[in-house]
Amino acid sequence: MISKRTLSKSEDKETLMEDASRARKKSLSKKTKEPYASNEVEENDSVFVRLLKTSGLILKTGENQNQLAVDQIIFQKKLLQSLRKHPSYPKVIEEFVDGLESYIEDHDSFRNCLLSCERLHDEEASMGASYSKSLIKLLLGIDLLQPAIIKILFEKLPEFLFKTASSDGINMPRLIFSQLKWLDRIVDGKDLTTKIMQLISIAPVYLQHDFVTSLPEILGDAQHADVGKELSDLLMENTPLTVPILDVLSSLRLDSTFLSKVRQLVMGKLSSVALVDLPVIIKFILHSITATNALEVISELRERLDLQHFILPSMFQASQIKLKITGASSSEYQEDDSPNCVMLLFDILKLTVRYEKIISEAWIKAIENIESEHKSFDLAMIFIIYSTNTQAKKNIERVVKNKIRSGSIQEDLLESTFCIHYVVLKDICPSILLLAQSLFHSQDQNIILFGSLLYKYSFKFFDTYCQQEAVGALVTHVCSGNETEVDTALDVLLELIRLNPSAMRLNAVFVKGILDYLDNMSPQQIRKLFYILSMLAFSKQEASSHIQDDMHLVVRKQLSSTIFKYKLIGIIGAITMAGVMATDRIISALTQRRDDLNNEQCTQVTSLLQLVHSCSEQSPRASALYYDEFANLIQEGKLTPETLEWIGPTVFNDFQDAFVVDFCVVPEGDFPFPVKALYGLEEYDTRDGIVINLLPLLFSQEFEKEGSQMTSQEPGKKLVSPLCLAPHFRLLRLCVARQHNGNLEEIDGLLDCPIFLTDLEPGEKLESMSLKEHSFMCSLIFLTLNWFREVVNAFCRQTSPEMKGKVLSRLKNIVELQEILEKYLAVTPDYVPPLANFDLETLDVIPHSNSAASAKNRKTGKIGGRKRKADGSKAPSPDTLSKEDNSECDAVPTGRSQLEKELTGKEGKTSVSLQNYSAFFREVDIEVFSILHCGLVTKFILDTEMNTEATEVVQLGPPELLFLLEDLSHKLDNMLTPSFTKRNPFLKNKGNRNIGFSHLHLKSTPEVVHCVVQLLTPMCNHLENIHNYFQSLVAEDHGEVDGPGVKAQEHHIMASCYQRLLQIFHGLFACQSFNYLQNFHPSIPSFQCGLYLIRLLMVLLEKSTAPAPKKEKIASLARQCLCRAWSHGEKEKSSIFNEQLHDMLCIYLEHTDNVLKAIEEIAGIGVPELINSPKDASSSTFPTLTRHTFVIFFRVMMAELEKTVKGLQAGTAADSQQIHEEKLLYWNMAVRDFSILINLMKYGRLFVEAFLKQCMPLLDFSFRKHREDVLSLLETFQLDTRLLHHLCGHSKIHQDMRLTKHVPLLKKTLELLVCRVKAMLVLNNCREAFWLGNLKNRDLQGEEIISQNSQESTADESEGGTSSQLTKSKATEDGEEEEASDGEKEQYSDESDDNSD
């Protein structure tokens, strides 16, 4: 029906032609049957017949066509001449019409007159028209006859209105009405319009539709206004005619006001119209839009138009029809009709937004202004405009990004958009993918994720071609080299495989091409890529055998390489392939026989693992990587029991042979240090027990490799390196745990067994040791620490008290060894530790050292605490590990490290931060933090007969707690902070941000958060204990948390624990109450702790249902921090403290209920106190306000002052008197604060701009009623702006580039102020009060700048004139009082003169 309406003009022509052709066929058939009747000519002696014959037209009888012997135009001219030259003219016209009326009384004759005439053969060549007109149409082309012919037709029409179609299929009413179309001239258009509207009112509905749609083809432009009014009246009365009427109104030339009225009427019917009528209605609404009302109309249209109301029922109906194999033809028609209507609707929208710039911009603006919930139609229109309007692409991208940031567009809305409008969106798939590509280049993680969803749903809902395009675009992102793009694109590809594996398998060849770009990918990305390819290759072997071959080829090639970077790719790829293969075998085992699993399928996995093992056994680093990757495979549960049975004994025996020796065996060798079995947790007899053979292995590797080839590389001997100790043990314990359901009794001897070491306490021998010995001791401690970390990882989940006690003991050993290690590292600045994390692309992970070797070195080198660079063989920038992957507090060393610096600094040595060496420590598993649940643990000490000899109570001490909290804080920071906010510096390692978090990344972010949430209760308990500790210190030291009786080291450890707990809560958004956390504020030990507590409370405030009182509480807590004197390491000169102070002051001013009052308190009380205090003292009210922090206070207060006055609404004349008074008082306070804080040129200009926009409109309406207040305000502001003028002069004298860049804009603003004040005087009829003068250029001390000697006298007069005017204004009328501002105006005019020099 839609197509009929929109194409009604052409279809009517086609209908008539078909009717005529059918009539011709029947007449021809009758000619053959009745040859005699075919030649019958109307024999009538009437004027009508005679004149027609004379003019060249022969009337035929019966069903035969009338014959036209001459050209149509010639016929009309001859007939017109015959009528005019007839002797009885003009009476002959009436006779002619009467003859016609008599002739058409016969039905066949009337029909022949309405059908086209037959042209004679000898005349066809001369005919200009492609078809002949009917007799009636030819007569209507003659002006003398037209009115009478029209009258006859309208008299004849009612006879046929309610009759059925004749046997020949001709619809007589349509045929009659078609005679009026496309006439060259309408003689009486008004009369014709009246007749047509009367006819429409009585015609049946189906004919009404045809008559209405034919109006534009009948009437001329002069009748458009009249017929438009008639149609609008008809629209209100006859709802079924809404669509044809609107179709006609869109084609008529009508007044915009009239169209607006009709549009409002139609807009109210949108919710009740049928889907098939919707395209024409929308077309009319869009056609009636003008530039002035475009935004309003589009906003109302998108609000009222609910396409889901139309589309969803039809989709449900279509789905029901598809469920039935057979169905009625009518149902099939309905199924096809709805999508056609929707497509037609969106075609109209596409054409409109493509060619109508006003409408496309208005639609974008309407969507941008939406504050309520968005519809799927909004997103569909965004995609359509993006695809059709090239100029609007940037604007669309901006709107989409802003909507994503604000959370207005969520995943469920996007999915419903694709689900509902997929028929339309699939045609613009390339544009949607282009938008997704643009979003991928953003730095906002939410925007990137939205782009990934566009790829996902394009693949899910669209056809094969669009799926191929989506996969190709994602492959391009993977090969781009941008870390965030690569990670997100790989995640999307993996999601697509899970969503539709069969469709992804068709596009596997594109994904396989990524194998050529492995060099630019991080290990984690390589692991993900091989997982994707393995899923495609091994889930359906027959269909993806070519991918399997390519993967095996790449893996074998990389494993055979001697370069570790490529060997790393081979190891990771092979292990990932084995994991997917094993997982697929487990699934297939559910449907196949068990024998198949035990034979060929298991053999493929084991052979691949054997290949990796054989290719990596001669490289310690490659072997360690193999052990770690294999362990991860087992941890994820991807290996079958058969594979574990094969690998378990091998791993156990290899570890025992390589690293474990009997206690009674004495190590042989010329060791530089005495070898001792240390750190054993049990008393061993000399005949039994085991020891980890660490020092001898390290010695053989470090000291013997320079003199000769290592003994382990001799033929027949296996390479053994202490580097593999921790990774090999991790693989061993995971094998045992998987085989015994988590029970580690088989290897529990490794928990308490000692290690072959030497005395590690440096003591006095530290100075006498050589650099090589220092390096050896550091390596020994690093390896020992990594061994203990893996032991804690292994046994932390054991439930027996005995095991828990030993784990706590090992944790204590770790803390003790870290303290010893710091001492060694302090005197070994260029030392590079042995690797502990092996999935690194390169070896450029050298830690940077903060230490000097000794007091002697510092004396000779004169470099103080500056870092020393490594030699040429090392990376020149070894700070890659301490970059942005730390949280805000990580830039400050831990409490223990900071204290150590203070304690050792007096002796000439400094400590180092072990955080810079994080890449060289084994990762602590997330399960280890279950130790936080431990309270007091009773450990039983057994004698040789396994009887209880003694008991020992072990608990988690503050150093061990700090160790766990620091590690947990770093893990949360890595998982919860988006990667784009922590980008690496240029030319730095791409993978370094994730060093030490490989095992953590095996879990998803929700899984990690879930694990940490389980720790909230014990962490709150620890927080309360620390709070009680500091509360007891306050009580003991008479109200001072850091009094003289406090142990410095203990205080710093507890304060660091406090800080880390608050940082963890802040990162996690702890689900504790606001009131609970604010109670900890009195015991805050440091400024940084206070900042983290307030930030945590702010996060909770965002979710609060009653934010107002809690907002005031945050302001109060922030003020308390600013008003408190801090000690114990709070360095006011450090950049870290300055940033924290800046944040704290911003929080205070943003959350206080009266910003101006708070600024006035600091500027009016704190600043004078600082000025009157000694040089190194501070303000007594605000101890954090010192001479070093004054600039921070000043900058923040000016910025907040400018922001506050900018947010104040300008006054209007409609405001009440009370509102004017309140705003005037507010501005008086703001200008008073500005007078104190004037000395910052940048914010001074911003304040003057805000004064112009927000305050001057208020003064316009307040001048007459509050003249004293306005005068006082302007007098104060005059002094401020004069000082700004002096600042401009100061910057020109001293040529200070930081100030001079602000001078042009500032002077322009001051000139605008002059003009604005003059405008205010004119508004209040005080033009005569305005006069201009020149103001001298002066510096900040008030001394004149001699740059304009010619103006000195004028300047002096202007200064005197200012004072006199100020005096006069006190006693004169309203206008003169304003001359106080004229002094201000003098200054600004002079500034403009200065600027012109």
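Atom set for the values below is all heavy atoms of this structure, side chains included, hydrogens, waters and symmetry mates excluded. Values in this document were obtained by computation on a predicted structure and should not be read as measured data. Each residue takes its place number in the sequence, starting with 1.
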### Message
Distance alone, cut at 3.5 Å: any donor-acceptor contact between the side chains of Glu118 and Ser132?
### Response
no
### Query
Under 3.5 Å, is there a donor-acceptor pair between the side chain of Lys60 and the main chain of Ser109?
no
### Query
So, the side chain of Lys137 versus the backbone of Gln179: is there a donor-acceptor pair under 3.5 Å, distance only?
yes
### Message
Looking at Gln65 and Cys117, would you say the former's side chain and the latter's main chain have a donor-acceptor pair under 3.5 Å?
### Response
no
### Nearest heavy atoms of Ala294 and Ile358, plus distance in Å
CB-CG2, 3.5 Å
### Query
Do Leu140 and Leu145 come within less than 4.5 Å of each other through their side chains, counting heavy atoms only?
no
### Query
Any side-chain heavy atom of Ile58 within less than 4.5 Å of one from Asn66?
no
#### Entry: Minimum side-chain heavy-atom gap Ile428-Tyr386 below 4.5 Å
no
### Check ion pair Asp143-Arg185 (N to O, under 4.0 angstrom)
yes
### Query
With a 4.5 Å heavy-atom cut-off, do Leu135 and Leu139 have their side chains touching?
yes
### Query
Are His86 and Phe96 close enough, and set up right, to give a ring pair (Phe, Tyr, Trp, His ring centres under 6.0 Å), and what steps lead you there?
CA-CA 11 Å; His86 197 276; Phe96 184 87; over 10 Å; no
### Query
If only atom types and distance count, is the side chain of Asn293 paired as donor or acceptor with the main-chain N or O of Glu296 below 3.5 Å?
no
### Query
Above 12 or not: heavy atoms from other molecules or residues under 6.0 Å from OH of Tyr206?
yes
### Task
Identify the two heavy atoms, one from Ser82 and one from Leu51, that lie closest to each other, and give their separation to 0.1 Å.
CB-CD2, 3.9 Å
### Query
Roughly how far, to the nearest 0.5 Å, is CG of Leu349 from NZ of Lys283?
12.5 Å
### Query
Is the closest basic N to carboxylate O distance between Arg302 and Asp378 below 4.0 Å?
yes
### Query
Using 30° and 60° as the class limits, which term best fits the ring planes of Phe48 and Tyr103: parallel, tilted or perpendicular?
tilted
#### Entry: Side chain proximity check, Ile136 to Ile152, heavy atoms < 4.5 angstrom
no
### Task
Evaluate salt bridge (Lys or Arg N to Asp or Glu O under 4.0 Å) for Glu94 paired with Lys91, printing each intermediate quantity in order.
CA-CA 5 Å; Glu94 183 177 351; Lys91 187 176 179 182; over 6 Å; no
### Task
Could you tell me whether the side chain of Met197 reaches within less than 4.5 Å of the side chain of Leu231, counting heavy atoms only?
yes
### Query
Taking atom NZ of Lys133 and atom CD1 of Ile73, what is their separation to the nearest 0.5 Å?
7.5 Å
### Query
Is NZ or CZ of Lys426 both nearer than 6.0 Å to the six-membered ring centre of Phe461 and within 45° of the ring axis?
no
### Query
So, the side chain of Ser55 versus the backbone of Leu79: is there a donor-acceptor pair under 3.5 Å, distance only?
yes
### Summary
Here the pair of heavy atoms bringing Thr54 nearest to Lys78 is O-CD, 4.5 Å
### Query
Can you find a pair of side-chain heavy atoms, one from Thr193 and one from Leu215, that are under 4.5 Å apart?
no
### Task
Determine yes or no for a side-chain-to-main-chain donor-acceptor pair under 3.5 angstrom, with His224 supplying the side chain and Arg253 the backbone.
yes
### Query
Between the main-chain N or O of Thr61 and the side-chain N or O of Asn64, is there a donor-acceptor pair closer than 3.5 Å?
yes
### Query
Do side-chain atoms of Glu95 reach the backbone of Val47 as a donor and acceptor pair under 3.5 angstrom?
no
## Note on the structure
What one should report as the nearest heavy-atom pair of Phe154 and Ile196 is CZ-CG1, 3.7 Å
### Query
Using a distance-only test with no angle check, is there a side-chain donor-acceptor pair under 3.5 angstrom linking Ser360 and Asn389?
yes
### Message
Minimum heavy-atom separation for Ile420 and Ser376, please, with both atom names.
### Response
CD1-OG, 3.8 Å
### Task
If the plane angle is over 60° it's perpendicular, under 30° parallel, otherwise tilted; pick one for His421 and Phe346.
perpendicular
#### Entry: Asp184 atom CG: more than 12 heavy-atom contacts under 6.0 Å
no
### Task
Taking the side chain as every heavy atom from C-beta outward, state whether Ile170 and Arg111 have any pair of such atoms under 4.5 Å apart.
yes
### Task
Describe, in one word, how the ring planes of Phe377 and Trp363 are oriented to each other, choosing from parallel (under 30°), tilted (30 to 60°) and perpendicular (over 60°).
perpendicular
